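So the structure is just underneath, and the comments pick up after that.
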There are 2 protein chains.
Amino acid sequence: MTSGLRAGPLQPRRTAGGKLLAVLDAFTRDRPALTLSEIARAVGVPLSTAHRLVGELCAWGGVERDEDGRYRVGLRVWELGALAPRGLGLREAALPFMEDLYEVTHENVQLAVRDGTELVFVERIAGRSAVGVLTRVGGRFALPPTGVGLVLLAHAPLEVQEEVLARPPVGYTRHTITDPGQLRRALAEVRRSGVAISDRQVTGDAVSVAAPVEVRGTVVAALSIVVRGNSASAVRPYIPGVRAAARGIGRTLASTS
Amino acid sequence: MTSGLRAGPLQPRRTAGGKLLAVLDAFTRDRPALTLSEIARAVGVPLSTAHRLVGELCAWGGVERDEDGRYRVGLRVWELGALAPRGLGLREAALPFMEDLYEVTHENVQLAVRDGTELVFVERIAGRSAVGVLTRVGGRFALPPTGVGLVLLAHAPLEVQEEVLARPPVGYTRHTITDPGQLRRALAEVRRSGVAISDRQVTGDAVSVAAPVEVRGTVVAALSIVVRGNSASAVRPYIPGVRAAARGIGRTLASTS
DNA sequence: ATCTGTCTTCCGTCACGTGGAAGGGGTGTA
DNA sequence: TACACCCCTTCCACGTGACGGAAGACAGAT
(Lines give C-alpha, C1' and ligand atoms only; values in the text may rest on other atoms or scores of the structure.)
Protein backbone atom coordinates (compact mmCIF):
# COMPACT_ATOMS: atom_id res chain seq x y z
CA MET A 1 0.00 0.00 0.00
CA THR A 2 2.94 2.26 0.57
CA SER A 3 3.80 2.92 -3.01
CA GLY A 4 3.86 0.27 -5.71
CA LEU A 5 0.93 -1.88 -6.64
CA ARG A 6 3.03 -4.51 -8.32
CA ALA A 7 3.56 -6.59 -5.20
CA GLY A 8 0.35 -8.49 -4.71
CA PRO A 9 -0.69 -9.59 -1.23
CA LEU A 10 -0.23 -13.17 -0.31
CA GLN A 11 2.53 -12.82 2.16
CA PRO A 12 0.66 -11.91 5.33
CA ARG A 13 0.10 -15.39 6.68
CA ARG A 14 3.11 -15.65 8.94
CA THR A 15 1.90 -18.68 10.81
CA ALA A 16 3.89 -21.74 9.97
CA GLY A 17 0.68 -23.47 9.01
CA GLY A 18 1.67 -26.88 7.80
CA LYS A 19 3.77 -28.75 10.26
CA LEU A 20 5.17 -30.67 7.35
CA LEU A 21 7.21 -27.64 6.47
CA ALA A 22 8.38 -27.33 10.05
CA VAL A 23 9.69 -30.87 9.81
CA LEU A 24 11.70 -29.94 6.75
CA ASP A 25 13.00 -26.90 8.58
CA ALA A 26 14.41 -29.17 11.24
CA PHE A 27 17.13 -30.19 8.80
CA THR A 28 20.00 -27.74 8.72
CA ARG A 29 23.53 -27.66 7.48
CA ASP A 30 24.74 -28.49 10.96
CA ARG A 31 22.25 -31.29 11.48
CA PRO A 32 21.49 -32.84 8.10
CA ALA A 33 20.57 -36.23 9.55
CA LEU A 34 18.02 -36.61 12.32
CA THR A 35 16.28 -39.39 14.22
CA LEU A 36 12.54 -39.34 14.63
CA SER A 37 12.83 -38.23 18.23
CA GLU A 38 15.13 -35.38 17.28
CA ILE A 39 12.65 -34.23 14.69
CA ALA A 40 9.80 -34.40 17.19
CA ARG A 41 11.81 -32.34 19.64
CA ALA A 42 12.89 -29.81 17.03
CA VAL A 43 9.37 -29.31 15.74
CA GLY A 44 7.82 -29.42 19.17
CA VAL A 45 5.24 -32.16 18.63
CA PRO A 46 4.68 -35.54 20.22
CA LEU A 47 6.38 -38.52 18.71
CA SER A 48 3.22 -39.96 17.26
CA THR A 49 2.59 -36.77 15.34
CA ALA A 50 6.15 -36.57 14.14
CA HIS A 51 5.88 -40.16 13.07
CA ARG A 52 2.92 -39.43 10.84
CA LEU A 53 4.41 -36.23 9.45
CA VAL A 54 7.66 -37.90 8.58
CA GLY A 55 5.70 -40.78 7.10
CA GLU A 56 3.96 -38.42 4.73
CA LEU A 57 7.17 -36.73 3.73
CA CYS A 58 8.77 -40.11 3.26
CA ALA A 59 6.02 -41.30 0.95
CA TRP A 60 6.38 -38.09 -1.01
CA GLY A 61 10.14 -38.34 -1.25
CA GLY A 62 10.87 -35.25 0.80
CA VAL A 63 12.85 -37.21 3.35
CA GLU A 64 14.70 -40.48 3.08
CA ARG A 65 16.09 -42.92 5.55
CA ASP A 66 19.78 -43.59 5.48
CA GLU A 67 21.35 -46.91 6.37
CA ASP A 68 21.59 -45.90 10.03
CA GLY A 69 17.84 -45.39 10.23
CA ARG A 70 18.17 -41.66 10.48
CA TYR A 71 16.27 -39.31 8.26
CA ARG A 72 17.74 -37.01 5.66
CA VAL A 73 16.39 -34.62 3.11
CA GLY A 74 15.17 -36.59 0.14
CA LEU A 75 15.93 -36.47 -3.52
CA ARG A 76 12.51 -35.04 -4.34
CA VAL A 77 13.37 -31.81 -2.56
CA TRP A 78 16.63 -31.52 -4.45
CA GLU A 79 14.80 -32.19 -7.67
CA LEU A 80 12.24 -29.49 -6.95
CA GLY A 81 14.99 -27.15 -5.88
CA ALA A 82 16.53 -27.61 -9.29
CA LEU A 83 13.49 -25.77 -10.65
CA ALA A 84 14.11 -22.70 -8.51
CA PRO A 85 15.16 -19.92 -10.84
CA ARG A 86 17.46 -18.46 -8.22
CA GLY A 87 19.02 -21.85 -7.53
CA LEU A 88 20.06 -24.18 -10.27
CA GLY A 89 18.93 -21.92 -13.09
CA LEU A 90 21.14 -19.13 -11.91
CA ARG A 91 23.97 -21.51 -11.28
CA GLU A 92 23.87 -22.93 -14.79
CA ALA A 93 23.88 -19.51 -16.35
CA ALA A 94 26.72 -18.32 -14.16
CA LEU A 95 29.03 -21.31 -14.06
CA PRO A 96 30.79 -20.75 -17.39
CA PHE A 97 31.57 -17.15 -16.49
CA MET A 98 32.72 -18.16 -13.05
CA GLU A 99 35.00 -20.78 -14.52
CA ASP A 100 36.52 -18.26 -16.88
CA LEU A 101 37.12 -15.95 -13.97
CA TYR A 102 38.71 -18.73 -11.97
CA GLU A 103 40.85 -19.72 -14.91
CA VAL A 104 42.38 -16.25 -14.99
CA THR A 105 42.66 -15.55 -11.29
CA HIS A 106 42.78 -18.90 -9.49
CA GLU A 107 41.07 -17.24 -6.55
CA ASN A 108 37.76 -17.98 -4.84
CA VAL A 109 34.83 -17.05 -7.03
CA GLN A 110 31.44 -16.74 -5.35
CA LEU A 111 27.87 -16.22 -6.46
CA ALA A 112 25.14 -15.25 -4.00
CA VAL A 113 21.54 -14.06 -3.92
CA ARG A 114 19.65 -12.17 -1.25
CA ASP A 115 16.90 -13.79 0.75
CA GLY A 116 15.27 -11.33 3.08
CA THR A 117 18.02 -9.77 5.17
CA GLU A 118 20.51 -12.56 4.55
CA LEU A 119 22.42 -13.91 1.61
CA VAL A 120 22.57 -17.43 0.27
CA PHE A 121 25.58 -18.75 -1.58
CA VAL A 122 24.45 -20.35 -4.82
CA GLU A 123 27.78 -21.40 -6.24
CA ARG A 124 31.45 -21.21 -5.50
CA ILE A 125 34.65 -22.18 -7.18
CA ALA A 126 37.36 -22.53 -4.58
CA GLY A 127 40.99 -22.35 -5.45
CA ARG A 128 43.13 -24.66 -3.37
CA SER A 129 45.74 -21.98 -2.84
CA ALA A 130 43.07 -19.42 -2.14
CA VAL A 131 41.96 -18.14 1.18
CA GLY A 132 39.84 -20.45 3.33
CA VAL A 133 36.16 -19.77 3.11
CA LEU A 134 33.66 -20.09 5.91
CA THR A 135 30.54 -21.05 4.11
CA ARG A 136 29.38 -23.62 1.62
CA VAL A 137 27.05 -23.73 -1.30
CA GLY A 138 23.54 -23.50 0.08
CA GLY A 139 24.81 -21.69 3.16
CA ARG A 140 23.51 -18.44 4.60
CA PHE A 141 25.38 -15.41 5.86
CA ALA A 142 24.80 -11.84 6.97
CA LEU A 143 24.72 -9.20 4.27
CA PRO A 144 26.76 -6.25 5.61
CA PRO A 145 30.29 -7.59 5.98
CA THR A 146 30.66 -9.44 2.68
CA GLY A 147 31.32 -8.02 -0.74
CA VAL A 148 28.39 -9.83 -2.32
CA GLY A 149 26.24 -8.77 0.61
CA LEU A 150 27.10 -5.10 0.20
CA VAL A 151 26.12 -5.27 -3.45
CA LEU A 152 22.87 -7.08 -2.72
CA LEU A 153 22.01 -4.73 0.13
CA ALA A 154 22.86 -1.61 -1.84
CA HIS A 155 20.32 -2.62 -4.47
CA ALA A 156 17.70 -4.03 -2.14
CA PRO A 157 14.33 -2.36 -1.48
CA LEU A 158 14.63 0.51 0.99
CA GLU A 159 12.62 -1.31 3.65
CA VAL A 160 15.13 -4.15 3.59
CA GLN A 161 18.02 -1.73 3.89
CA GLU A 162 16.38 -0.03 6.85
CA GLU A 163 15.68 -3.36 8.51
CA VAL A 164 19.33 -4.33 8.25
CA LEU A 165 20.58 -0.92 9.33
CA ALA A 166 18.26 -0.97 12.32
CA ARG A 167 20.06 -3.94 13.80
CA PRO A 168 23.69 -3.35 14.73
CA PRO A 169 25.84 -5.56 12.49
CA VAL A 170 28.00 -8.23 14.04
CA GLY A 171 31.67 -7.28 14.18
CA TYR A 172 33.65 -10.21 12.83
CA THR A 173 37.01 -8.43 12.81
CA ARG A 174 38.16 -5.00 13.87
CA HIS A 175 37.68 -3.90 10.25
CA THR A 176 34.00 -4.80 10.13
CA ILE A 177 31.82 -1.76 9.60
CA THR A 178 29.36 -1.64 12.47
CA ASP A 179 28.39 2.03 12.46
CA PRO A 180 25.07 2.53 10.62
CA GLY A 181 26.11 5.88 9.21
CA GLN A 182 29.34 4.52 7.84
CA LEU A 183 27.50 1.53 6.38
CA ARG A 184 25.00 3.88 4.73
CA ARG A 185 27.84 5.78 3.08
CA ALA A 186 29.45 2.53 1.97
CA LEU A 187 26.20 1.45 0.31
CA ALA A 188 25.93 4.78 -1.50
CA GLU A 189 29.47 4.32 -2.74
CA VAL A 190 28.59 0.82 -3.96
CA ARG A 191 25.68 2.19 -5.96
CA ARG A 192 27.85 4.96 -7.38
CA SER A 193 30.85 2.86 -8.36
CA GLY A 194 29.02 -0.31 -9.33
CA VAL A 195 31.26 -2.55 -7.26
CA ALA A 196 31.72 -3.32 -3.58
CA ILE A 197 34.98 -3.95 -1.81
CA SER A 198 35.03 -5.66 1.55
CA ASP A 199 38.40 -5.20 3.19
CA ARG A 200 39.01 -7.80 5.92
CA GLN A 201 35.47 -7.41 7.21
CA VAL A 202 34.83 -11.13 7.59
CA THR A 203 38.28 -12.57 8.23
CA GLY A 204 41.46 -10.74 9.05
CA ASP A 205 43.34 -11.77 5.96
CA ALA A 206 40.81 -11.66 3.12
CA VAL A 207 39.59 -8.95 0.81
CA SER A 208 36.81 -9.31 -1.73
CA VAL A 209 35.39 -7.39 -4.63
CA ALA A 210 31.83 -7.91 -5.83
CA ALA A 211 29.70 -6.77 -8.74
CA PRO A 212 25.94 -6.92 -9.31
CA VAL A 213 24.28 -9.31 -11.74
CA GLU A 214 21.48 -7.35 -13.36
CA VAL A 215 18.55 -8.57 -15.43
CA ARG A 216 16.53 -5.80 -17.03
CA GLY A 217 17.68 -3.30 -14.47
CA THR A 218 17.05 -5.46 -11.42
CA VAL A 219 19.89 -6.85 -9.34
CA VAL A 220 19.21 -10.55 -8.93
CA ALA A 221 22.57 -11.78 -7.67
CA ALA A 222 26.11 -10.75 -6.89
CA LEU A 223 29.43 -12.14 -8.03
CA SER A 224 32.67 -11.78 -6.13
CA ILE A 225 36.30 -12.71 -5.94
CA VAL A 226 37.91 -13.27 -2.55
CA VAL A 227 41.68 -12.99 -2.23
CA ARG A 228 44.19 -13.00 0.57
CA GLY A 229 45.34 -9.49 1.34
CA ASN A 230 45.31 -6.59 3.74
CA SER A 231 44.06 -3.66 1.69
CA ALA A 232 41.61 -2.82 -1.03
CA SER A 233 44.46 -2.65 -3.53
CA ALA A 234 44.71 -6.45 -3.38
CA VAL A 235 41.54 -6.80 -5.39
CA ARG A 236 41.77 -3.69 -7.56
CA PRO A 237 43.22 -5.54 -10.57
CA TYR A 238 40.23 -7.86 -10.57
CA ILE A 239 37.54 -5.20 -10.72
CA PRO A 240 37.14 -5.13 -14.51
CA GLY A 241 37.06 -8.90 -14.68
CA VAL A 242 34.41 -9.34 -12.01
CA ARG A 243 32.33 -6.58 -13.49
CA ALA A 244 32.51 -8.07 -16.97
CA ALA A 245 31.64 -11.57 -15.74
CA ALA A 246 28.66 -10.27 -13.76
CA ARG A 247 27.40 -8.43 -16.82
CA GLY A 248 27.83 -11.56 -18.87
CA ILE A 249 25.78 -13.59 -16.43
CA GLY A 250 23.04 -10.97 -16.47
CA ARG A 251 22.93 -10.98 -20.24
CA THR A 252 22.70 -14.77 -20.33
CA LEU A 253 19.86 -14.74 -17.82
CA ALA A 254 17.97 -12.07 -19.71
CA SER A 255 18.17 -14.04 -22.93
CA THR A 256 17.10 -17.36 -21.43
CA SER A 257 14.22 -16.25 -19.26
CA MET B 1 8.35 -58.90 5.74
CA THR B 2 9.65 -60.71 2.74
CA SER B 3 13.24 -61.05 3.83
CA GLY B 4 15.28 -58.30 5.41
CA LEU B 5 14.38 -56.56 8.61
CA ARG B 6 16.58 -53.57 7.98
CA ALA B 7 13.94 -51.56 6.19
CA GLY B 8 11.70 -50.17 8.90
CA PRO B 9 8.07 -49.44 8.18
CA LEU B 10 7.09 -45.88 7.62
CA GLN B 11 6.44 -46.07 3.96
CA PRO B 12 2.90 -47.46 3.86
CA ARG B 13 1.03 -44.19 3.85
CA ARG B 14 0.60 -43.76 0.14
CA THR B 15 -1.99 -41.05 0.36
CA ALA B 16 -0.68 -37.71 -0.70
CA GLY B 17 -1.71 -36.34 2.66
CA GLY B 18 -0.72 -32.74 2.77
CA LYS B 19 -1.95 -30.77 -0.16
CA LEU B 20 0.98 -28.48 0.32
CA LEU B 21 3.17 -31.13 -1.20
CA ALA B 22 0.74 -31.54 -4.07
CA VAL B 23 1.14 -27.85 -4.79
CA LEU B 24 4.89 -28.27 -4.99
CA ASP B 25 4.39 -31.24 -7.28
CA ALA B 26 2.53 -28.99 -9.67
CA PHE B 27 5.83 -27.43 -10.65
CA THR B 28 7.66 -29.45 -13.26
CA ARG B 29 10.52 -28.96 -15.64
CA ASP B 30 8.03 -28.22 -18.41
CA ARG B 31 5.98 -25.82 -16.30
CA PRO B 32 8.28 -24.16 -13.79
CA ALA B 33 6.13 -21.03 -13.50
CA LEU B 34 2.42 -21.20 -12.74
CA THR B 35 -0.42 -18.83 -12.00
CA LEU B 36 -2.64 -19.43 -9.03
CA SER B 37 -5.42 -20.73 -11.25
CA GLU B 38 -3.07 -23.17 -12.94
CA ILE B 39 -1.98 -24.48 -9.57
CA ALA B 40 -5.57 -24.86 -8.45
CA ARG B 41 -6.36 -26.78 -11.60
CA ALA B 42 -3.26 -28.97 -11.36
CA VAL B 43 -3.88 -29.86 -7.73
CA GLY B 44 -7.62 -30.18 -8.18
CA VAL B 45 -8.79 -27.78 -5.49
CA PRO B 46 -10.87 -24.62 -5.59
CA LEU B 47 -9.10 -21.34 -6.01
CA SER B 48 -9.64 -20.27 -2.44
CA THR B 49 -7.92 -23.37 -1.16
CA ALA B 50 -5.07 -23.01 -3.58
CA HIS B 51 -4.73 -19.43 -2.48
CA ARG B 52 -4.25 -20.39 1.12
CA LEU B 53 -1.91 -23.25 0.33
CA VAL B 54 0.26 -21.10 -1.86
CA GLY B 55 0.15 -18.41 0.80
CA GLU B 56 1.60 -20.79 3.34
CA LEU B 57 4.31 -21.96 0.99
CA CYS B 58 5.06 -18.35 0.11
CA ALA B 59 5.50 -17.38 3.74
CA TRP B 60 7.77 -20.34 4.20
CA GLY B 61 9.85 -19.58 1.13
CA GLY B 62 8.87 -22.68 -0.80
CA VAL B 63 7.43 -20.66 -3.63
CA GLU B 64 8.15 -17.17 -4.83
CA ARG B 65 6.40 -14.75 -7.08
CA ASP B 66 8.24 -13.59 -10.15
CA GLU B 67 7.82 -10.15 -11.67
CA ASP B 68 4.94 -11.35 -13.84
CA GLY B 69 2.97 -12.39 -10.80
CA ARG B 70 3.43 -16.07 -11.50
CA TYR B 71 4.66 -18.49 -8.91
CA ARG B 72 7.93 -20.36 -9.03
CA VAL B 73 9.76 -22.74 -6.75
CA GLY B 74 11.43 -20.73 -4.02
CA LEU B 75 14.95 -20.48 -2.80
CA ARG B 76 14.12 -22.28 0.43
CA VAL B 77 13.46 -25.49 -1.47
CA TRP B 78 16.74 -25.20 -3.30
CA GLU B 79 18.49 -24.54 -0.03
CA LEU B 80 16.94 -27.60 1.58
CA GLY B 81 17.72 -29.63 -1.48
CA ALA B 82 21.34 -28.71 -1.00
CA LEU B 83 21.21 -30.83 2.16
CA ALA B 84 20.09 -33.93 0.28
CA PRO B 85 22.97 -36.37 0.37
CA ARG B 86 22.07 -37.69 -3.06
CA GLY B 87 21.82 -34.18 -4.49
CA LEU B 88 24.39 -31.53 -3.81
CA GLY B 89 26.53 -33.68 -1.55
CA LEU B 90 26.98 -36.24 -4.25
CA ARG B 91 27.55 -33.55 -6.82
CA GLU B 92 30.32 -31.90 -4.82
CA ALA B 93 32.13 -35.16 -4.30
CA ALA B 94 31.81 -36.12 -7.94
CA LEU B 95 32.49 -32.87 -9.76
CA PRO B 96 36.30 -32.93 -9.60
CA PHE B 97 36.39 -36.45 -11.01
CA MET B 98 33.88 -35.55 -13.67
CA GLU B 99 35.93 -32.55 -14.66
CA ASP B 100 39.04 -34.65 -14.97
CA LEU B 101 37.15 -37.07 -17.15
CA TYR B 102 35.85 -34.26 -19.30
CA GLU B 103 39.31 -32.77 -19.57
CA VAL B 104 40.59 -35.96 -21.11
CA THR B 105 37.67 -36.91 -23.29
CA HIS B 106 35.72 -33.73 -24.06
CA GLU B 107 32.59 -35.81 -24.21
CA ASN B 108 29.38 -35.66 -22.19
CA VAL B 109 29.92 -36.83 -18.64
CA GLN B 110 26.83 -37.72 -16.61
CA LEU B 111 26.07 -38.63 -13.04
CA ALA B 112 22.74 -40.14 -12.03
CA VAL B 113 21.01 -41.81 -9.09
CA ARG B 114 18.06 -44.14 -8.99
CA ASP B 115 14.75 -43.06 -7.52
CA GLY B 116 12.25 -45.87 -7.53
CA THR B 117 12.06 -47.20 -11.06
CA GLU B 118 13.46 -44.07 -12.66
CA LEU B 119 16.74 -42.26 -12.69
CA VAL B 120 17.51 -38.66 -11.84
CA PHE B 121 20.42 -36.81 -13.37
CA VAL B 122 22.42 -35.15 -10.62
CA GLU B 123 25.15 -33.56 -12.68
CA ARG B 124 26.38 -33.29 -16.21
CA ILE B 125 29.28 -31.76 -18.01
CA ALA B 126 28.34 -31.25 -21.62
CA GLY B 127 30.90 -30.89 -24.32
CA ARG B 128 29.88 -28.45 -27.03
CA SER B 129 31.12 -30.77 -29.73
CA ALA B 130 29.53 -33.70 -28.02
CA VAL B 131 26.30 -35.38 -28.86
CA GLY B 132 23.10 -33.53 -27.98
CA VAL B 133 21.52 -34.70 -24.78
CA LEU B 134 17.84 -34.93 -24.04
CA THR B 135 17.70 -34.28 -20.36
CA ARG B 136 18.94 -31.71 -17.90
CA VAL B 137 20.26 -31.73 -14.39
CA GLY B 138 17.35 -32.55 -12.11
CA GLY B 139 15.58 -34.37 -14.91
CA ARG B 140 14.14 -37.86 -14.79
CA PHE B 141 14.38 -40.68 -17.28
CA ALA B 142 13.63 -44.37 -17.62
CA LEU B 143 16.24 -46.80 -16.39
CA PRO B 144 16.51 -49.53 -19.05
CA PRO B 145 17.78 -47.75 -22.14
CA THR B 146 20.54 -45.63 -20.63
CA GLY B 147 24.00 -46.67 -19.56
CA VAL B 148 23.63 -45.18 -16.11
CA GLY B 149 20.20 -46.73 -15.84
CA LEU B 150 21.48 -50.21 -16.66
CA VAL B 151 24.08 -49.92 -13.93
CA LEU B 152 21.58 -48.62 -11.39
CA LEU B 153 19.03 -51.27 -12.30
CA ALA B 154 21.56 -54.09 -12.26
CA HIS B 155 22.40 -53.25 -8.66
CA ALA B 156 18.90 -52.37 -7.51
CA PRO B 157 16.88 -54.52 -5.09
CA LEU B 158 15.28 -57.49 -6.83
CA GLU B 159 11.77 -56.17 -6.33
CA VAL B 160 12.69 -53.00 -8.23
CA GLN B 161 14.21 -55.03 -11.04
CA GLU B 162 11.09 -57.15 -11.29
CA GLU B 163 8.88 -54.08 -11.27
CA VAL B 164 10.80 -52.62 -14.19
CA LEU B 165 10.94 -55.89 -16.08
CA ALA B 166 7.22 -56.39 -15.63
CA ARG B 167 6.45 -53.32 -17.68
CA PRO B 168 7.53 -53.48 -21.31
CA PRO B 169 10.24 -50.85 -21.83
CA VAL B 170 9.63 -48.03 -24.27
CA GLY B 171 11.45 -48.47 -27.56
CA TYR B 172 13.23 -45.21 -28.32
CA THR B 173 15.16 -46.52 -31.30
CA ARG B 174 15.30 -49.81 -33.13
CA HIS B 175 18.29 -50.70 -30.94
CA THR B 176 16.44 -50.31 -27.66
CA ILE B 177 16.21 -53.58 -25.78
CA THR B 178 12.54 -54.23 -25.16
CA ASP B 179 12.54 -57.98 -24.61
CA PRO B 180 12.52 -58.77 -20.86
CA GLY B 181 14.68 -61.85 -21.31
CA GLN B 182 17.30 -59.97 -23.25
CA LEU B 183 17.25 -57.16 -20.69
CA ARG B 184 17.71 -59.69 -17.91
CA ARG B 185 20.79 -61.07 -19.65
CA ALA B 186 22.11 -57.55 -20.18
CA LEU B 187 21.78 -56.82 -16.47
CA ALA B 188 23.63 -59.99 -15.57
CA GLU B 189 26.39 -58.97 -17.94
CA VAL B 190 26.56 -55.54 -16.27
CA ARG B 191 26.98 -57.16 -12.87
CA ARG B 192 29.63 -59.49 -14.24
CA SER B 193 31.71 -56.94 -16.12
CA GLY B 194 31.21 -53.97 -13.82
CA VAL B 195 30.25 -51.59 -16.61
CA ALA B 196 27.24 -51.06 -18.81
CA ILE B 197 27.27 -50.11 -22.46
CA SER B 198 24.18 -48.67 -24.07
CA ASP B 199 24.54 -48.80 -27.84
CA ARG B 200 22.16 -46.35 -29.55
CA GLN B 201 19.32 -47.32 -27.21
CA VAL B 202 18.19 -43.76 -26.58
CA THR B 203 19.16 -41.91 -29.74
CA GLY B 204 20.28 -43.35 -33.03
CA ASP B 205 23.75 -41.85 -32.98
CA ALA B 206 24.92 -42.09 -29.37
CA VAL B 207 26.66 -44.76 -27.36
CA SER B 208 27.40 -44.59 -23.65
CA VAL B 209 29.43 -46.47 -21.10
CA ALA B 210 28.60 -46.34 -17.40
CA ALA B 211 30.19 -47.55 -14.17
CA PRO B 212 28.78 -47.87 -10.65
CA VAL B 213 29.72 -45.55 -7.80
CA GLU B 214 29.97 -47.73 -4.73
CA VAL B 215 30.11 -46.76 -1.08
CA ARG B 216 30.83 -49.65 1.25
CA GLY B 217 29.55 -52.15 -1.26
CA THR B 218 26.33 -50.33 -2.09
CA VAL B 219 25.79 -48.74 -5.48
CA VAL B 220 24.63 -45.20 -4.80
CA ALA B 221 25.05 -43.63 -8.22
CA ALA B 222 26.29 -44.24 -11.74
CA LEU B 223 28.73 -42.32 -13.89
CA SER B 224 28.77 -42.39 -17.66
CA ILE B 225 30.29 -40.97 -20.79
CA VAL B 226 28.13 -40.47 -23.85
CA VAL B 227 29.76 -40.26 -27.26
CA ARG B 228 28.61 -40.10 -30.83
CA GLY B 229 29.00 -43.46 -32.51
CA ASN B 230 27.31 -46.51 -33.94
CA SER B 231 28.83 -49.40 -32.05
CA ALA B 232 30.06 -50.38 -28.64
CA SER B 233 33.63 -49.97 -29.82
CA ALA B 234 33.13 -46.19 -29.79
CA VAL B 235 33.23 -46.15 -26.01
CA ARG B 236 35.60 -49.02 -25.38
CA PRO B 237 38.66 -46.77 -24.92
CA TYR B 238 36.85 -44.90 -22.17
CA ILE B 239 36.01 -47.89 -20.00
CA PRO B 240 39.05 -47.72 -17.74
CA GLY B 241 38.66 -43.97 -17.26
CA VAL B 242 34.99 -44.12 -16.34
CA ARG B 243 35.59 -47.03 -14.02
CA ALA B 244 38.46 -45.25 -12.27
CA ALA B 245 36.52 -42.02 -11.88
CA ALA B 246 33.52 -43.85 -10.46
CA ARG B 247 35.74 -45.61 -7.96
CA GLY B 248 37.30 -42.30 -7.01
CA ILE B 249 33.91 -40.76 -6.35
CA GLY B 250 32.92 -43.70 -4.19
CA ARG B 251 36.09 -43.44 -2.18
CA THR B 252 35.56 -39.72 -1.65
CA LEU B 253 32.00 -40.31 -0.49
CA ALA B 254 33.04 -43.05 1.90
CA SER B 255 35.63 -40.82 3.51
CA THR B 256 33.36 -37.80 3.94
CA SER B 257 30.22 -39.48 5.22
C1' DA C 1 15.57 -57.88 35.94
C1' DT C 2 14.89 -53.14 35.28
C1' DC C 3 15.47 -48.85 33.19
C1' DT C 4 16.01 -45.73 29.35
C1' DG C 5 16.27 -44.94 25.00
C1' DT C 6 14.50 -45.85 20.42
C1' DC C 7 10.25 -46.48 17.12
C1' DT C 8 5.41 -48.04 15.97
C1' DT C 9 0.26 -48.51 16.11
C1' DC C 10 -4.35 -47.39 17.54
C1' DC C 11 -8.31 -44.47 18.15
C1' DG C 12 -11.60 -40.74 20.21
C1' DT C 13 -11.88 -35.81 20.10
C1' DC C 14 -12.09 -31.25 18.23
C1' DA C 15 -9.20 -27.81 16.07
C1' DC C 16 -8.45 -26.35 11.61
C1' DG C 17 -8.34 -26.98 6.81
C1' DT C 18 -11.89 -26.91 3.24
C1' DG C 19 -14.37 -24.78 -0.46
C1' DG C 20 -18.70 -22.26 -1.56
C1' DA C 21 -19.94 -17.57 -2.24
C1' DA C 22 -19.04 -12.76 -2.88
C1' DG C 23 -16.06 -8.86 -4.18
C1' DG C 24 -12.23 -6.32 -6.55
C1' DG C 25 -9.30 -5.34 -10.16
C1' DG C 26 -7.57 -5.52 -15.06
C1' DT C 27 -8.15 -6.23 -20.21
C1' DG C 28 -10.75 -7.16 -24.42
C1' DT C 29 -15.07 -6.91 -27.24
C1' DA C 30 -19.56 -4.50 -28.58
C1' DT D 1 -20.57 2.96 -21.07
C1' DA D 2 -21.72 -1.54 -20.48
C1' DC D 3 -20.78 -6.20 -20.50
C1' DA D 4 -18.06 -10.44 -20.33
C1' DC D 5 -14.25 -12.90 -18.90
C1' DC D 6 -10.13 -13.57 -17.14
C1' DC D 7 -7.18 -13.11 -13.18
C1' DC D 8 -6.78 -12.84 -7.75
C1' DT D 9 -8.38 -12.04 -2.90
C1' DT D 10 -11.19 -12.35 1.41
C1' DC D 11 -14.63 -14.24 4.50
C1' DC D 12 -16.88 -17.72 7.27
C1' DA D 13 -19.96 -21.94 8.56
C1' DC D 14 -19.27 -26.68 8.17
C1' DG D 15 -17.44 -31.34 8.84
C1' DT D 16 -13.46 -33.98 7.99
C1' DG D 17 -9.11 -35.58 8.94
C1' DA D 18 -5.13 -34.20 11.66
C1' DC D 19 -3.71 -34.37 16.48
C1' DG D 20 -1.62 -36.43 20.38
C1' DG D 21 -2.42 -39.29 24.56
C1' DA D 22 -1.78 -43.98 25.75
C1' DA D 23 -0.03 -48.51 25.18
C1' DG D 24 3.16 -51.73 23.27
C1' DA D 25 7.43 -53.55 20.79
C1' DC D 26 12.25 -53.68 20.47
C1' DA D 27 17.20 -52.88 21.59
C1' DG D 28 20.96 -51.75 24.45
C1' DA D 29 22.94 -50.46 28.90
C1' DT D 30 23.43 -50.97 34.07
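To find a chain, count down the sequence lines: A is the first, B the second, and so on, and within it residues start at 1. Please read these numbers as outputs of a predicted model, since none were measured by experiment.
An OP1 or OP2 oxygen of D/dC19 is reached within less than 4.0 angstrom by no side-chain nitrogen or oxygen of A/Ser48. One finds no side-chain N or O of A/Arg52 lying less than 4.0 angstrom from the OP1 or OP2 phosphate oxygen of D/dG20. Here A/His51 does not reach the OP1 or OP2 of C/dC7: none of its side-chain N or O atoms lies under 4.0 Å away. Contact check, B/Ser37 against D/dC7: a side-chain N or O comes under 4.0 Å of OP1 or OP2.
When distances run from any side-chain atom of B/Thr49 to the nucleotides D/dC11, C/dT18, D/dG20, the shortest one goes to C/dT18. Candidate nucleotides C/dG19, C/dC7, D/dT9 were compared by shortest atom distance to the side chain of B/Val45, and C/dG19 ranks first. Taking only side-chain atoms of A/Tyr71, from C-beta outward, the nucleotide of C/dT8, D/dT9, C/dG20 with the closest atom is C/dT8.
If you check every strand for non-hydrogen atoms under 4.0 Å, A/Leu53 touches sugar and phosphate atoms only.
Atom CD in B/Glu56 sits roughly 16 Å away from atom C1' in D/dT9 (whole-Å rounding). Distance CG (A/Leu47) to C1' (D/dC19): 14 Å, rounded to an integer number of Å. Protein atom CG of A/Leu34 is 13 Å distant from nucleotide atom P of C/dT6, rounded to whole Å. Note: CD1 (B/Ile39) to C1' (D/dC8) measures 12 Å, nearest angstrom. Distance A/Lys19 NZ to D/dC19 P: 5 Å, rounded to the nearest Å. When the C1' atom of C/dC7 is taken as reference, atom CG of A/Asp68 falls 15 Å away, rounded to whole Å. Here D/dA18 presents its P atom at 13 Å from CG of A/Leu57, a figure rounded to the nearest Å. Rounding to whole angstrom units, CZ of residue B/Arg70 and C1' of D/dC6 are separated by 16 Å.
Judged by a 6.0 Å distance limit and a 45° cone about the ring axis, A/Arg31 is not positioned over the six-membered ring of A/Phe27.
Residue B/Arg41 holds its CZ atom at 6.0 Å from OG1 of B/Thr35, rounded to the nearest 0.5 Å. Taking CZ from A/Arg76 and CG from B/Asp25, the interatomic distance works out to 4.5 Å, rounded to the nearest 0.5 Å. We find the CZ-CD distance between A/Arg167 and A/Glu162 to be 12.5 Å, quoted to the nearest 0.5 Å. Annotation: the span from B/Arg216 atom CZ to A/Glu67 atom CD amounts to 6.0 Å, rounded to 0.5 Å.
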